[in-house]
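Below, read A as the first sequence line, B as the second, and so on, with proteins coming before strands; counting in each chain starts at 1.
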Amino acid sequence: MKATVLGAAGYVGGELLRLALGHPGLEVVQATSRRHAGRPVGLVHPHLRHHAGLLFTEPDVLEPVDVLFSALPRGELARVHDQITSVARTVVDLGPDFRDPEGPGGAAYVTGLPELYRGALAGATRISVPGCMATAAAVAIRPLVAAGLTQDDVVVDARTGSSGAGGEPSRATHHPERQHAMRIYKATGHRHEREIARLCGVRARMTVTAVPLVRGVQVVAHLRPPRPVSRTEVWSAFRDAYADEPFVRLVAHRSGLHRLPDPQFLYGGNFVDLGFDVDDDGRRVVVVAALDNLVKGAAGGAVQSLNVAQGLEEQTGLDFPGLHPV
Amino acid sequence: MTVCPECRGAVSVPDDVMAAEIVVCGECSSELEVVAVTPTVLALAPEVEEDWGE
Amino acid sequence: MSDGGERAERPFALVATRVRVEERMLFDAFRRRGAACEHVDDRSIVYRVGGPPPPWRAVLNRALSAIRRLEVSRWCAATDTPVLNSAVTLACCDNKIATSLALHRAGVPTPDTVVALDAAGGGRAVAEVGYPAVVKSVNGSWGRALARVGDPDAAEAVFALRAEMPSPVQKLGYTQKFLPGRDLRVLVVGGRAVAAVVREADHWVRNTARGARATAHPLGPELARLAERSAAAVGGGVLGVDLLEDAAGDLRVLEVNGAVEFHGLADAHPDLPVADLIVDHLLDATAGAAS
């Protein structure tokens with residue numbers, strides 16, 4: 001399939017290029033960037049510098065392709081949507097514009113999270129990938145909501161690396177300010193709360209902390225069940241939901257060094273690691289999810305969703321297992 | 001293959017395992033005690049009591 | 001011993017809370033001797049006083065719980081069932097005060113030891129024994145509840161905690177002078193020292209339960225004799241004698257273990273059939289009792 005990446009110079013764009021260039025079923029035809037048009041992609045994405053012939057192009061002239069991935073900032077894709085849909089059969093949006101099915105234009109888009117929306121993705125031509133933290137929280141919470149193991153709101157404590165803020169430098173991401181930060185940049189009312197509520201069917205109360213990572217998101221969700229629950233019940237709920245999922249790994253060990261999910265083992269890989277523990281009195285379930293915000297939280301989720309939509313083997317182009325040590 | 005009582009994962013248990021032996025579940029690392037053999041039945045190993053030792 | 005004939009038909013019992021490497025080795029040794037032996041979980045034992053005796057020819061008592069271990073051997077003694085180790089030995093080994101008194105009576109060198117019968121006297125005991133001191137719980141094992149105490153403030157803190165504990169046993173103060181040196185263990189079976197290991201670790205608590213490594217140590221005559229005298233002092237049987245060897249090469253006995261974990265020692269002496277020696281001793285003791 002011929003593929004175009006819009007907004008290819010950003011971090012998400014770079015990940016889309018990395019994955020698409022390694023995907024046996026995709027041929028990258030265009031990588032657009034207004035700012036870097038005409039220059040080799042390897043100048044902006046140094047890890048791709050061996051693709052010497054691939055240059056950024058202006059976004060104004062788009063070639064017809066089978067699939068177009070958009071990593072444009074908020075509002076940009078909506079602006080050019082008609083133009084896009086006239087040249088691409090399938091559109092995969094990694095931005096926020098069409099995540100809300102009840103928002104403008106959102107009804108046509110299917111959520112790009114196969115673990116929860118696989119049926120709807122089959123044959124889909126409009127796919128909207130959720131935000132990285134919403135992806136982690138939804139994977140963590142939804143099976144417990146479905147099993148009736150939570151009442152009340154869910155408290156979501158999210159820790160995020162700096163790449164989630166994008167490729168544009170800012171005061172907050174200036175190295176001396178960011179390097180050792182554990183900055184709680186949103187203690188309440190994060191905009192992802194609505195998205196999580198939509199994906200899970202339960203009110204989420206989020207606190208987000210910027211931590212000294214570049215890639216990586218770790219979400220710690222606290223749930224109160226309506227009656228005391230056991231670890232075995234929670235295992236069953238997660239196994240029922242995810243037993244055959246190629247990219248969800250259950251990580252909840254009672255002993256050993258790495259008992260619960262840690263983003264450091266996920267860099268570059270499309271896995272979401274999911275673990276949990278239960279208070280001894282059974283009255284609180286703590287669920288932990290970790291992923292690479294640029295992969296499962298963005299570009300990897302996009303490619304995975306496309307694979308499902310096109311009837312390809314779901315893991316195509318998504319083999320990388322992460323590194324250890326990092 | 002036997003089922004872990006904690007996480008319901010598969011636990012491989014040696015053929016000649018005896019009752020009161022300890023095996024560890026590969027999926028959740030719980031310490032499990034063999035409470036019966038043929039068929040093998042596993043239970044979460046009880047906590048070490050305060051007077052255990054040599 | 002009117003049922004001596006019937007008893008000979010019964011299997012041996014290996015009483016064990018957990019079947020670990022040591023228990024597997026012992027079962028294999030029984031098999032090699034053609035002696036039927038069944039595993040008995042000490043948690044499952046229920047008996048009527050004056051009722052049927054233990055349904056076993058003899059018992060190898062390896063219960064992990066010190067209290068149940070003693071009760072198993074007590075029942076065996078009351079019913080003339082041969083058992084290793086005896087209730088007399090276990091009662092001595094599982095109480096450090098009893099062990100210290102028995103070792104001293106037998107003339108076995110030990111670190112200076114001062115006993116206080118309540119946490120209130122603990123500070124005086126430590127001051128008497130001198131700093132640095134080690135405060136141990138009377139019934140502890142596996143390196144639990146040991147505190148090295150370097151000054152009166154530390155001693156006060158340790159005994160303040162002890163005073164909070166619920167049982168009088170936990171409030172007993174057993175203090176010894178802390179001596180640097182090498183940790184040795186000698187396995188003594190039936191009065192004979194069999195093998196020795198030295199236990200290394202980074203921390204001063206050097207039980208293998210807390211991660212120490214055991215390597216083979218030569219069993220010289222002085223070490224062997226000292227270990228054998230210590231074993232006899234506590235009542236004999238199958239015993240792990242723990243000793244401290246100081247920089248001058250002097251040996252002092254720290255404690256004697258009545259349900260010895262010997263996998264480290266067996267690994268360090270791969271040509272020594274440790275489990276067979278233990279089982280043979282039980283078989284000999286059983287034959288002796290029956291005659």
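Contact residues of residues 279-311 of chain A toward chain B are absent (heavy-atom distance under 4.5 Å). Proximity to chain B among residues 231-249 of chain A is limited to R231(A), T232(A), W235(A), S236(A), R239(A), judged by heavy-atom separations below 4.5 angstrom.
Here the shortest heavy-atom pairing between S255(A) and S29(B) reads OG-O, 3.1 Å.
For the options C7(B), C4(B), P5(B), G9(B), heavy-atom pairs under 4.5 Å to chain A are most numerous at C7(B).
Atom CZ of R224(A) has 12 or fewer neighbouring heavy atoms from other residues, nucleotides or ligands inside a 6.0 Å radius. The number of heavy atoms from other shown groups lying within 6.0 Å of CD1 (I184(A)) does not exceed 12.
Residue E27(B) touches chain A through both its backbone and its side chain, counting heavy-atom pairs closer than 4.5 Å.
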ask   = Stepwise, does the salt bridge (Lys or Arg N to Asp or Glu O under 4.0 Å) test hold for E31(B) with R254(A)?
value = CA-CA 8 Å; E31(B) 274 206 342; R254(A) 301 299 300 281; over 6 Å; no
